[in-house]
Amino acid sequence: MGLPRKYGGLTNLRFDDTNPSKEETEYVESIKTDVRWLGFDWGDREFYASDYFDKLYEFAVKLIKAGKAYVDDQDSETISSQKGTPTRAGIESPSRNRSVEENLDLFNRMREGEFDEGSHVLRAKIDMTSPNMHMRDPIIYRIMKAHHHRTGDKWCVYPMYDFAHGQSDYWEGITHSVCTLEFEVHRPLYDWFIEQLRDGDYRPRQIEFARLNLSYTVMSKRKLLQLVKENYVNGWDDPRMPTISGLRRRGYTPASIRNFSDRIGVTKVDGMIDVALLEHSVREDLNKNAQRVMGVLNPLKVVITNYPEGQVEELDAVNNPENPDAGKRKVPFTKEIYIERDDFMEDPPRKFFRLAPGREVRLRYAYFVTCTDVIKDEKGEITELHCTYDPASKGGNSPDGRKVKATLHWVSATENVKAEVRLYDRLFNDENPDGHKDVDFKEFLNPDSLKVLPECFIEPFVKDAKPMDSFQFERLGYFNLDPDSKDDKLVFNRTATLRDAWSKMKNK
RNA sequence: UGACCCAUGGUGUAAUUGGCAACACGUCUGAUUUUGGUUCAGAAGAGUCCAGGUUCGAGCCCUGGUGGGUCAACCA
């Protein structure tokens, strides 16, 4: 879709629904939804290979009449064994030299439903000694007594993909038929059919490019289907899935995915793209556009001892420091608040700038506070902190010009909204950087790929959020309101983390 | 022991079709910052898989290797 947008052309959306047992309306609809969501429009150019079943049948008859196709009545194992191997030529089927009349009769009877599935196939007569396996008399029609999602029960013979693809391109007037690398060896066959079909100079060309491989990510449809079927994830749109619907649910924006695609380009190198590039693309977009909001995921209560009991102050907070048009909002401040547990250390290491006993920090948009007491339970665990605030530092600046090294996000302990936050991580652990490689992925599943934090505190602002709205919880990362959220239970998915210099330093 | 395709900093892509190898991500400095985010400034990092050849000149053309990918479904 991006190529014609760049070079000035059009894209047809076509479903190669040649196999009735594999096609489901559900998939067709999801693909259309996803492509539309990405911001592409195919106008009225929506096609199905099944639109051409009549023409394909006629073309097959034409090939038979030209002596270039024949009906084979051997079973599939025999046909397969006669194909040879990539290094050894195949041998010709005894059916290969049937008369045109007999072939026409048999093919017609196949269509009439006279034969059982698997008993007869139509094959193109090309070359059983070709070094290219796909040219060794490939099967072009098979009997399938199955209901088709669009043509119903009209047919019981269906064309193979290879027999439909190029011809469909031809009839639609396609110039560049772009597909993935594994079809490279099919191209001679694609061209062979076009040569039999075409009348004039025009012919479509198949051009292959590398499919996307993402590090640490399984992209194989077969494996993704297994993840869904065996309930390792909650469906195709589980936020951990590398599907378009998964990314959407997770909070990725269409623009970020388009930018990512532009950055990786279209080439034939079968490489491995670093997920960091995908993540950079979302951050870039979200940072510019996401609403900032304060949220505390892992709360630690702070009592501001010299703050009046029962007082609620409405403080000004900017919605996006990079975009003044995003406006401001009011955040309620009270005597008891929550801060992030990670933002306090009783014994801070040298480079830890945040709150510690006796240290003064800024509460974002609020006041400077100093930690005076650390309250613990019998087990020695910190249950709350006592702080004093400097009333003169309202808004976050002290009139005497003194500086603090850190600014903390916080949420009022009484004026807030409770939410569930889901932290999604990679589905696979660090030992499986090549997620696409053919290994048993179950051994590499990451048990922490989903962490549910049932009781998080977010500032009241998010009450007005709509599903899919993106937020940046200050310093915690990007989140979006899950589409399945109900008013009585807000659920946020983490879209991406922020680059975190502190955690990097901790690991050193 | 075949055919087809591919090969450029750590990663992904460029290089006006033969003219000083560029950009993005990542990494590392420094500045700014009411997010250890963002932004800004700068740095390191490849001589283009190897060996020949053609040419005034080769990442690009030719030959031969090496490495990787794909192909033996009545799947797409």
Side-chain angles (χ1 to χ4, degrees), chain A residues 15-19 21-23 49 72 75-77 79-90 117-123 130-136 138-144 157-158 160-162 164-165 179-188 208 210 215 221-222 259-260 262-281 283-284 287-288 292 294 317-318 320-322 351-354 361-366 368 393 395-397 403-409 472-478 497-506:
Chain A
F15 295 91
D16 282 321
D17 53 353
T18 53
N19 185 344
S21 68
K22 279 205 171 185
E23 291 303 324
D72 201 333
D75 61 52
S76 75
E77 276 142 44
I79 291 176
S80 157
S81 69
Q82 289 168 350
K83 273 213 164 162
T85 69
T87 54
R88 201 174 320 137
E117 282 187 17
S119 65
H120 293 68
V121 289
L122 185 70
R123 301 176 70 180
S130 168
N132 184 334
M133 298 292 291
H134 296 276
M135 300 298 274
R136 323 243 259 229
I139 290 166
I140 59 183
Y141 261 93
R142 77 293 214 187
I143 299 169
M144 293 186 100
V157 288
Y158 290 94
M160 299 290 287
Y161 161 85
D162 279 326
H165 191 70
C179 66
T180 45
L181 241 33
E182 61 271 26
F183 291 102
E184 262 171 343
V185 279
H186 294 236
R187 193 175 351 116
E208 309 84 11
S215 57
K221 247 186 286 178
R222 201 193 84 234
N259 290 341
F260 169 70
D262 288 343
R263 267 187 262 256
I264 63 180
V266 180
T267 66
K268 303 189 84 146
V269 188
D270 188 23
M272 170 78 64
I273 282 127
D274 196 332
V275 275
L277 192 57
L278 213 212
E279 284 165 2
H280 167 263
S281 302
R283 283 200 210 100
E284 178 185 56
N287 187 58
K288 252 181 278 173
R292 308 301 151 94
M294 291 194 286
V318 298
N320 186 325
E322 257 117 285
K351 294 271 191 171
F352 185 82
F353 303 144
R354 282 114 100 164
V361 296
R362 170 168 42 228
L363 295 175
R364 189 152 211 222
Y365 304 124
F368 282 14
S393 64
N397 282 308
K403 302 267 188 208
V404 288
K405 278 198 133 180
T407 301
L408 267 44
H409 58 268
Q472 188 195 102
F473 292 177
E474 306 265 346
R475 206 199 255 139
L476 296 172
Y478 302 98
T497 53
L498 253 31
R499 296 158 120 214
D500 186 358
W502 164 240
S503 72
K504 213 185 287 176
M505 194 150 54
K506 266 194 302 196

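The sequence lines fix the lettering, A, B, ..., with proteins before strands; numbering per chain opens at 1.
For B:U27 and B:U33, the C1' atoms lie 23 Å apart once the distance is rounded to whole Å. Between the P atoms of B:A7 and B:C62, the separation comes to 13 Å (whole Å). Separating the C1' atom of B:G45 from that of B:A24 is a span of 15 Å, rounded to the nearest Å. Between B:G69 and B:G53, the distance separating the two C1' atoms is 28 Å to the nearest Å. B:A58 and B:G47: their C1' atoms are spaced 13 Å apart (whole Å). Distance noted for atom C1' between B:G59 and B:U70: 25 Å (whole Å). Taking atom C1' on both nucleotides, B:U13 is separated from B:C74 by 41 Å, rounded to a whole Å. Comparing the C1' positions of B:A22 and B:G9 gives a spacing of 12 Å, expressed to the nearest Å.
Here A:R499 reaches the OP1 or OP2 of B:G26: one of its side-chain N or O atoms lies under 4.0 Å away. Applying the 4.0 Å criterion to OP1 and OP2 of B:A76, one finds that A:R142 has a side-chain N or O inside that range. A close approach under 4.0 Å does not occur between any side-chain nitrogen or oxygen of A:H134 and OP1 or OP2 of B:C71. Of the side-chain N and O atoms in A:S80, none sit less than 4.0 angstrom from OP1 or OP2 of B:A72.
With a cut-off of 3.5 Å on both pairing distances, the Watson-Crick or G-U wobble partner of B:C61 is B:G53. Across all strands shown, the partner of B:A7 is B:U66, judged by Watson-Crick or G-U wobble contacts whose two distances both fall under 3.5 Å. Across all strands shown, B:A44 forms no Watson-Crick or G-U wobble pair with both key distances under 3.5 Å. Nucleotide B:A22 has B:U13 as its partner under the Watson-Crick or G-U criteria, with both atom distances under 3.5 Å.
What separates NZ of A:K221 from C1' of B:A73 is a distance of 15 Å, to the nearest Å. In this structure, CG of A:L498 is placed 11 Å from P of B:U39, rounded to the nearest angstrom. Between A:M135 atom CE and B:A72 atom C1' the separation is 15 Å, expressed in whole Å. Following rounding to the nearest Å, A:R136 (CZ) and B:A72 (C1') show an atom-to-atom distance of 7 Å. In this entry the distance linking NZ of A:K268 with P of B:C4 reads 13 Å, nearest Å. To the nearest angstrom, P of B:C5 lies 18 Å from CZ of A:F183. Distance A:W502 CH2 to B:G37 P: 13 Å, rounded to the nearest Å. The separation between A:K22 atom NZ and B:A73 atom P is 13 Å, rounded to whole Å.
A:H409 comes within contact range of no nucleotide atom at all, as no heavy-atom separation falls under 4.0 Å. Residue contacts for A:R263: at a heavy-atom cut-off of 4.0 Å it reaches the sugar-phosphate backbone alone, with no base atom in range. Here A:E208 lies out of heavy-atom contact (under 4.0 Å) with every strand. Residue A:F352 is in base contact, counting any heavy-atom pair closer than 4.0 Å across all strands shown. Residue contacts for A:D162: at a heavy-atom cut-off of 4.0 Å it reaches no nucleic acid atom on any strand shown. Note on A:R88: nothing from the nucleic acid sits closer than 4.0 angstrom, heavy atoms only. When heavy atoms are screened at a 4.0 angstrom cut-off, A:K288 is found touching no nucleic acid atom at all. As judged by a 4.0 angstrom heavy-atom cut-off over every strand, A:G265 is placed among residues making no nucleic acid contact. Across all strands shown, A:Y158 has no heavy atoms under 4.0 Å from either base or sugar-phosphate atoms.
In this structure, the separation between CD1 on A:I139 and NZ on A:K83 is 5.5 Å, given to the nearest 0.5 Å. Within the model, atoms OG of A:S215 and CD1 of A:I273 stand 9.0 Å from one another, a figure rounded to the nearest 0.5 Å. Residue A:D500 holds its CG atom at 9.5 Å from CG of A:L476, rounded to the nearest 0.5 Å.
Between A:F352 and A:W502, the ring centre distance stays below 6.0 Å.
In this entry the base of B:U63 is anti relative to its sugar, with a glycosidic angle more than 90° from 0. By the rule that a glycosidic angle within 90° of 0 means syn, B:G47 counts as syn.
Between B:A76, B:C6, B:A14, one nucleotide has an atom nearer to the side chain of A:T267 than all others, and that is B:A14. Checked against B:G12, B:C74, B:G69, the side chain of A:I264 finds its nearest nucleotide in B:G12. Nearest to the side chain of A:I79, among B:C74, B:G37, B:A76, sits B:C74. Nearest to the side-chain atoms of A:P131 among the listed nucleotides B:A76, B:G2, B:G37 stands B:G2. For A:L277, the listed nucleotide lying nearest its side chain is B:C25; candidates were B:C25, B:A72, B:G37. Here the nucleotide nearest the side chain of A:M133, chosen from B:C71, B:G37, B:A3, is B:C71. Checking B:U1, B:C71, B:A72 against the side-chain heavy atoms of A:T87 singles out B:U1 as nearest. When each of B:G12, B:C74, B:A72 is scored by its nearest atom to the side-chain atoms of A:V121, the top-ranked nucleotide is B:C74. Here the side chain of A:D270 is nearest to one of B:G37, B:G69, B:C74, namely B:G69.
The main-chain N or O of A:V185 is found under 3.5 Å from a side-chain atom of A:N132 such that the two form a donor-acceptor pair.
Salt-bridge annotation for A:E279 and A:R499: absent, with no side-chain N of the basic residue lying under 4.0 Å from a carboxylate O of the acidic one. With salt bridges taken as basic N to acidic carboxylate O contacts below 4.0 Å, one links A:K268 and A:E184.
In terms of polar N and O atoms assigned as donor or acceptor, the side chain of A:E322 comes within less than 3.5 Å of the base of B:G37 in a complementary pairing.
Looking only at side-chain heavy atoms (C-beta outward), A:L408 and A:R354 come within less than 4.5 Å of each other. Contact check for A:Y478 versus A:T497: no side-chain heavy atoms found under the 4.5 Å cut-off. Within the 4.5 Å cutoff, side-chain heavy atoms of A:S281 are placed close to those of A:R263.
Positionally, the nearest nucleotide of RNA chain B for A:N132 lies more toward the 5' end than for the other of A:E182 and A:N132. Along RNA chain B, the nucleotide nearest A:A210 and the nucleotide nearest A:V185 are compared for position; the residue whose nucleotide lies closer to the 5' end is A:A210.
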